[in-house]
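Just so you know, ligand 1 is whichever comes first in the structure, and atom 1 is the first atom listed for that ligand. Note that these values count all heavy atoms, side chains included, but never hydrogens, waters or copies made by symmetry.
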Amino acid sequence: MNRVKVVVTGAAGQISYSLIPRLVDGHTFGDKIVDLELVEIPQVVDKLEGLVMELEDSNFPNMGNVNYTSDFEEAAKDADWFLLVGSIPRGIVFNGKKIEERADLLQINGGIFVGQGQAIGRFGKSDAKILVVGNPANTNALIGRHAANNDSQLWMAMTMLDSSRAKSVLSKKLNIKISDISKMIIWGNHSPTMYPDFENVVANGSPGRDLIDDMDWINTEFLPVVQQRGKAVIDSRGASSATSAAKAALDTVIACENPTASGDCFSAAVITDGSYDLPEGIICGMPLMTSPEGKVEIVRDIVLSNFAKDKIKISTDELINERAAVEDLLK
Ligand code: NAX
């Protein structure tokens with residue numbers, strides 16, 4: 001029986017509570033046995049004993065070995081997948097200072113990703129896949145990838161949740177099932193500047209640019225609702241999206257583990273390589289596909305309108321600014 005080793009950071013957090021059981025339920029990794037390494041900071045790592053008890057009590061048939069630790073290097077050894085959920089949220093008091101500014105958040109979380117990146121580069125499998133969920137996800141992934149210095153590994157930042165939100169809004173507008181919507185590409189940053197590509201989405205076999213000719217709805221409803229959905233959930237729930245974020249992380253794993261259907265693609269942010277004239281050296285949301293051989297690649301034949309290019313530039317400019325704010329972590 002095949003095995004897969006998965007490392008999850010932030011394992012005692014909200015997203016992980018929804019995510020971790022579903023890694024071993026026989027769906028995400030099919031019939032593979034899943035070995036779990038659950039990682040937390042030393043202050044809360046002991047809480048994971050309770051989570052492990054719950055996992056054992058759930059009798060998941062595909063669960064392999066489960067360890068919990070605050071030693072990331074130990075956890076990283078020979079791992080196939082890294083789901084990097086752990087990060088310090090905005091508003092928390094860190095070293096005596098309340099973290100309100102995005103620049104401070106970038107620095108603190110970026111620091112975490114230097115150490116984790118180095119360990120993944122040294123100890124992770126050579127074809128390991130890394131999905132960064134912890135915010136600011138794109139720039140954290142850039143820092144981690146740089147520190148890993150291992151080009152055979154695939155670093156992604158999660159934009160699947162944004163893509164799922166965009167599909168949900170579209171399905172209501174067009175009165176169709178979510179499963180009838182494909183190719184929902186999120187370009188740019190996982191932030192309110194992201195650009196959900198309503199022109200290239202395919203709904204019931206037709207491209208969005210043919211289905212939606214209501215630019216007023218696009219500008220005043222679709223784009224702002226998708227871009228601000230995370231904040232809307234926080235405002236209502238008093239906590240950030242958790243179960244939908246967990247589902248999106250699982251959907252990203254499934255999209256990478258299985259060949260993409262012909263003509264479809266999925267959303268995640270990866271390192272730019274000059275395609276679509278995007279500035280190089282940022283982690284940017286793009287259309288991806290998994291080949292029948294299991295290689296995740298950028299889909300390169302999407303046609304972008306001037307409207308789309310202008311919107312994407314706002315987001316890539318933001319990513320360039322974020323990169324400048326963590327320049328010291330990229331040396
Ligand atoms: P929680 O605060 O519930 O959990 C985060 C956990 O990470 C905590 O238990 C903390 O102790 C742990 N942690 C912090 N530093 C760590 C480190 N160095 N190593 C291991 N663990 C560490 O947050 P939760 O709601 O689970 O969200 C986690 C992250 O996901 C946040 O940064 C959040 O902003 C981000 N999100 C990203 C989304 C995306 O689409 N990319 C959407 C949902 C979510 O907002």
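From the protein, the heavy atom lying nearest to atom 16 (C) of ligand 1 is I41 CG2, 3.4 Å. Protein heavy atom at the shortest distance from atom 8 (C) of ligand 1 is E40 OE2, 3.4 Å. Nearest non-hydrogen protein atom to atom 2 (O) of ligand 1 is P89 CG, 4.3 Å. Protein heavy atom nearest atom 4 (O) of ligand 1, with residue, atom name and distance: G13 CA, 3.2 Å. Of all protein heavy atoms, the one lying nearest to atom 38 (C) of ligand 1 is H190 NE2, 3.5 Å.
Ring planes of W81 and F29: perpendicular class, angle over 60° (limits at 30 and 60°).
For G230, the heavy-atom gap to ligand 1 stays at 4.0 angstrom or more. The closest approach between a heavy atom of M160 and any atom of ligand 1 is not below 4.0 Å.
Polar contact with ligand 1: absent for G86 (N/O pair, distance under 3.5 Å). Of the N or O atoms in T9, none lie within a sub-3.5 Å distance of an N or O in ligand 1. Between S241 and ligand 1, not a single N/O pair is under 3.5 Å apart. Ligand 1 has no nitrogen or oxygen under 3.5 angstrom from a nitrogen or oxygen of S16. Considering backbone and side-chain atoms alike, N135 places an N or O below 3.5 Å from some N or O of ligand 1. The shortest N or O to N or O distance between I15 and ligand 1 is under 3.5 Å.
Between K77 and D71 no salt bridge is recorded (no basic side-chain N to carboxylate O distance below 4.0 Å). The pair D78-K5 does not count as a salt bridge, with every side-chain nitrogen at least 4.0 angstrom from each carboxylate oxygen. Note on D151 versus R145: salt bridge recorded, some NZ/NE/NH1/NH2 to OD/OE distance being below 4.0 Å.
Counting only non-hydrogen atoms, the option in Q116, K231, Q14, M158 that gets closest to atom 19 (N) of ligand 1 is Q116. Counting heavy atoms only, S87 comes closest to atom 14 (C) of ligand 1 of the residues G10, S18, P42, S87.
Between the side chains of Q116 and T9, no donor N or O sits under 3.5 Å from an acceptor N or O.
The nearest protein heavy atom to atom 11 (O) of ligand 1 is closer than 4.0 Å.
Residue contacts with ligand 1 for V133 involve both N, CA, C or O and side-chain atoms from C-beta outward (heavy atoms, distance under 4.0 Å).
The number of heavy-atom neighbours closer than 6.0 Å to NZ of K313, taken from other residues, nucleotides and ligands shown, is 12 or below.
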